[in-house]
Student: 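Take this structure, written in structure tokens, and hold onto it; I'll ask about it next.
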Amino acid sequence: MTADPRPALMAAFPDEHALCAAARALAGRPGMDAFTPYPVEGLAETLGMRRTRLPLAMLAGGMAGAVFVYALILYSVTIAYPINVGGRGLNAWPAYLMLAFEGGILGAALAGGFGLFRANGLPQLHDPVFATPGFTFARGGGFWLLVPLGGDTADALRARLTDLGGERVEEVPQ
Amino acid sequence: MADIPERPPVMRGHPGTREISGRIASIVLKGQMPRFFWLAFLAAFLLVLVLFTTVAWLITQGVGTYGINIPVAWGTMLSNFVWWVGIGHAGTLISAVLLLFRQDWRASVNRFAEAMTLFAVAMAALFPILHLGRPWFFYWLLPLPNTHMHWPQWRSPLVWDFAAIATYGTVSLLFWYIGLVPDLAVLRDRAKNRAAQLFYGILALGWRGSAFHWARFDAVYYLLAVLATPLVVSVHSIVSLDFTYGMAPGYHSTIFPPYFVAGALYSGFAMVLTIAIPLRRLFRVEDLITKRHIDNGAKIMIAAGLIVAYGYAAEFFFAWYSGNPAERMMAWQRLVGPYAPFFWVMLACNVGVLQLLWFRRVRLWMPALFVISLLINLGMWLERYVIVVTGPSTGFLPAAWGTQSLQWVDFGVFFGTLGAFFALMFLFLRILPAITIFEVGELADERREA
Amino acid sequence: MPQIFPEAANGIARLVLWAALVAVLGLVALSVLLPRSDMFTGQDRILAQPVPFSHQHHAGGLGIDCRYCHAAVEQSAFAGMPPTETCMTCHSQLWTRAEMLDPVRQSLATGTPLRWNRVHDLADYVYFNHGAHVSNGVGCTTCHGAVDEMPLMRQAAPLTMEWCLDCHRDPAPNLRPPEAVFATDWRRGSEAEQAALMGRYDIHPETMTDCNVCHR
Amino acid sequence: MTRAGLILAVCGLALAVPAGVFGEGPALAGGWLAAMVFCLGLSLGALGLGHIHALTGGRWGERLQPPLRALAMGLPVALLLSLPLVLVPGALFPWTAPAETLPEVVRAKLPYLNLPFLYARAALCAVAWLILALRFATGARGGAESVVSLIVLALTVSVFDIDWLMAPEPEFYSTIHPLIAMATMMTGALAAGLIALDRRGLETERKDDLGKLAFGFLLLWAYLHYMQWLIVWSSDLPHEIHWYLDRARHGWGWLLGAGLVLNIGAGVALAWRSVRLRRFGAVAALLLAGQGADVAWRVLPAMPGPGWAQAGAAALALGLWLAALGLLRRREARHA
């Protein structure tokens, strides 16, 4: 995922409610994004995000981990080196379930963790958003909305954003 | 003490997001740590040197140097292992379970509790490896297609231990790092000098707080917490299976898994309080880590401690109820045998001292609570020691009874890992934000509006 | 706020991550391959010896039987190394002045045995019995290689546990009739012949991979 | 509820009477015990859940309190119905046989396993539970009482479990056994409460929360069972493994399978959001049935057979209990 090359404006809002209201007002425009110091519920849906498939990826990762571990165990105890332990069958599932469980957890966690970074396109050390005048992730209270120009002129969009309560409107450098 | 409100708030006053992020970040970025910080770090570092020396001695001279002998082939390496893993669990409980139960008070303690988990697990992992006697062969536990053509013994809880600790460490690290990324971005953007910008910038991966990113972050963070909860239970259950799989009297008891999990939380919360009480005072964050946090931690200790006490009672009752002479003798030897002093001190700490926590005044009086948490740490260490050594020392054949004697190596390694743990904690406090900036900021904004 | 990282940083970061992944996979591959390499198993390594004894010359060229020197191999766990006197049965007559044989004469004079360096050296926790193998039809060259073609002795097989297990699981192809055990030119018979030897020696492979067969 | 209970009781009677006539009387005691353990467990589990909620708070328990109270009020009924069991100790406890016929291990336990002491403990538990149930039914009284109640419950339920579930097999002992009983009690009580709540209508968000909670309890129950099984299986000691062997042979494997299917089914349904929300009552019923099967599986195989006679007695006891509970509720409704 690379940065959106379309020219765009960023507007800072005083709080999350103003930001959400503005996002709702502009909803439907392609390529919008918002930047907040902490997660704001429902904002991503307003901006047109589809339901994330990461939970499914984690489920798949968990299944894969558990199946892989159990298959490895089965291979090693029935094919690679069958050993009789205490007269129990080679497939001693009460014991192996424990390891399959750990494998499942590990698989799901790795799928979730790496999937998260991948879906978010991180690492993305350089991004046009960082160079926007006034933008910083640091000072709490920075609630920014990024709107691509689309068909509008920069001035029209700037006026619209100011109307919606944007305290500061900046151009995103290309 | 009379001015204590009925239920102390999770946050005192109405600090703004901006103020909070500035205060927490400046602890790290300004880096002007008070003198005691460096003195404490130095002390911890000296203990790390002790650790290195003792471990070198242990490896070159063999495992007999720490007092183990047949029949007691497990000594402090195992009890230290269990103790450290248990301490780790409180961190996961705070960060994951409280997240699932939507307890807002977790926000300002979860980060350092998670760090505590990581470092404690790292310390724990050392012990079984040192106990191997030939530690350099520890990689034989990995399921690699080796030239021996044999695989780890999948039926053995010792192999599960390896898998569980590795999984637990990995998941904890992932969970911790994912939660850290937004805070690292805050540090990156607040840093003034280039080196700090680069350091935090690389670790922050270019986080910029996009709404899309946050949405996925929330989903994955929540699910990781869902995963971490059964994981913690499984990890300490597996630790307890190391014992129950053995037939020695005192080892083979089916209540061990839940009882060990409760014990882990008990000692873990004791350690959280041991760290949090001085931390909030020394770094002047009493308004973020409030008495409410401390009080809740103490209450969880009561609950966990009572389950542990139930476990003691069950062990003794069933030893008698079993009708098995070996079980009865083992229980009796615990009360009057060579390890009786350890047992009675343990009981005094874990069950006796615990009763003080029923009183609100005690729970909210920091010096007393600090001492109590230290005593419970001690008691829980003794508990593990008593369990590890008494079983095999008074086994089925009185002719084969014997004892493990505590040597200087036992103490050298144990205090050495304590030093390493605290040295890592100090490093963590110095270079990473010990309090979750973004979550506390969110909480602050919610409170301001309310 | 100015950019902290140049645009190239994104590419570099991705490169580093991929490199880390490759490194991890490479480490796993190495951990599988390295222990099987000659460097770790010691296969084909030639050790320095007090006397550069040539099996090629003695066993191959002169046709001396293995048991002439390794006399205990049929009864004992250890194949046995010849006393200096064994060497001297011939070398009191032949090459009596050869410089190469100085240590042998020295050994005889002083009564101290020659200190050969062990070529086929198993780990201490392995219990290996020559007698059990030889008397059950496992030939010398099966493990020690074409000794009669080695000017200097070298380790012919990897001697890893998986190598041992290969034969313990399926010994039939490596069994010989008793008269051929010490032969250097034995050729494997037909499958039926080999299988018949299993019965002749009463070998049951299903118990031959139990731990206590080799680790006691 | 009354009618359903009476129908069940009549069906049970139809099986129990011939059993009595054909000399299978001892089997009736086992069936009756299983039913009573289940009914008592629901009330005790309700007490446990209610007091845990009183301590931790949380929105999940606010709607749950009324059905939990109703369940707790069933406790005196269940105790009353349990009385016949006291009359037939010989059918339940092998250690009532002459001491010289008992194995040495069991003889070593006789200071604990003897009828006078057993009755004294049972009476003590009954009195404690009656007090707890009455106080709980008339409203919460704050944290301190809840703490004391939970401690008393934990101890009395442990004693109850050892006396009535473990002692029928006097050579067997397992320290986790009482915890399994507690988990079943609370899971069952929660399931019963959810069925009642679903009848009265419940908003989606609460369904979601309570469904997750039920899933959590089911996991706890499964965890405790699995740990006991794993440890006993691994050690393979005669006095322990026979507990499982007896419960897998002579057809009891079918009951085990049924319990597994019901509980795993309930678990899958609870974890599945849309099923959890849409078929809330049915899923809760599935869970209750699964926990009931678990109680039967833990109790019945230790008892004298045959199974049909046990089933008859269990149905009779369960039916009477249901009917009595229904009458109680109707009376309460009339008063209100």
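Each chain gets a letter, A, B and so on, in the order the sequences are listed, and its residues count up from 1. Treat the numbers as computed from the prediction; the structure is a model and nothing was measured.
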Student: A:Leu125 and C:Asn10: which non-hydrogen atoms are nearest, and at how many Å?
Tutor: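 So the two residues come closest at N-OD1, 2.7 Å.
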Student: Return yes when atom CD of C:Glu206 has more than 12 non-hydrogen atoms of other residues, nucleotides or ligands closer than 6.0 Å, and no otherwise.
Tutor: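 Buried by this count: over 12 neighbours within 6.0 Å.
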Student: Determine which residues belonging to residues 46-82 of chain A lie within contact range of chain C, meaning some heavy atom pair is under 4.5 Å apart, and list them by number or answer 'none'.
Tutor: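 Contacts with chain C: A:Ala80, A:Tyr81.
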Student: Looking only at atom types and distance, does a side-chain atom of C:Arg14 sit under 3.5 Å from a main-chain N or O of A:Gln124, one as donor and one as acceptor?
Tutor: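 Not confirmed, C:Arg14 side chain does not pair with A:Gln124 backbone.
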Student: First locate atom OG1 of C:Thr207, then atom CG of A:Asn84, and finally report the distance between them rounded to the nearest 0.5 Å.
Tutor: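 CG of A:Asn84 is found 12.0 Å from OG1 of C:Thr207.
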Student: For A:Phe114, does the CZ atom sit with more than 12 other heavy atoms under 6.0 Å from it, leaving out its own atoms?
Tutor: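 Result for CZ/A:Phe114: open.
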Student: In residues 161-175 of chain C, which residues are in contact with chain A at a heavy-atom separation under 4.5 Å?
Tutor: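 Residues C:Met161, C:Leu165, C:Arg169 are the ones that qualify, each having a heavy atom under 4.5 Å from chain A.
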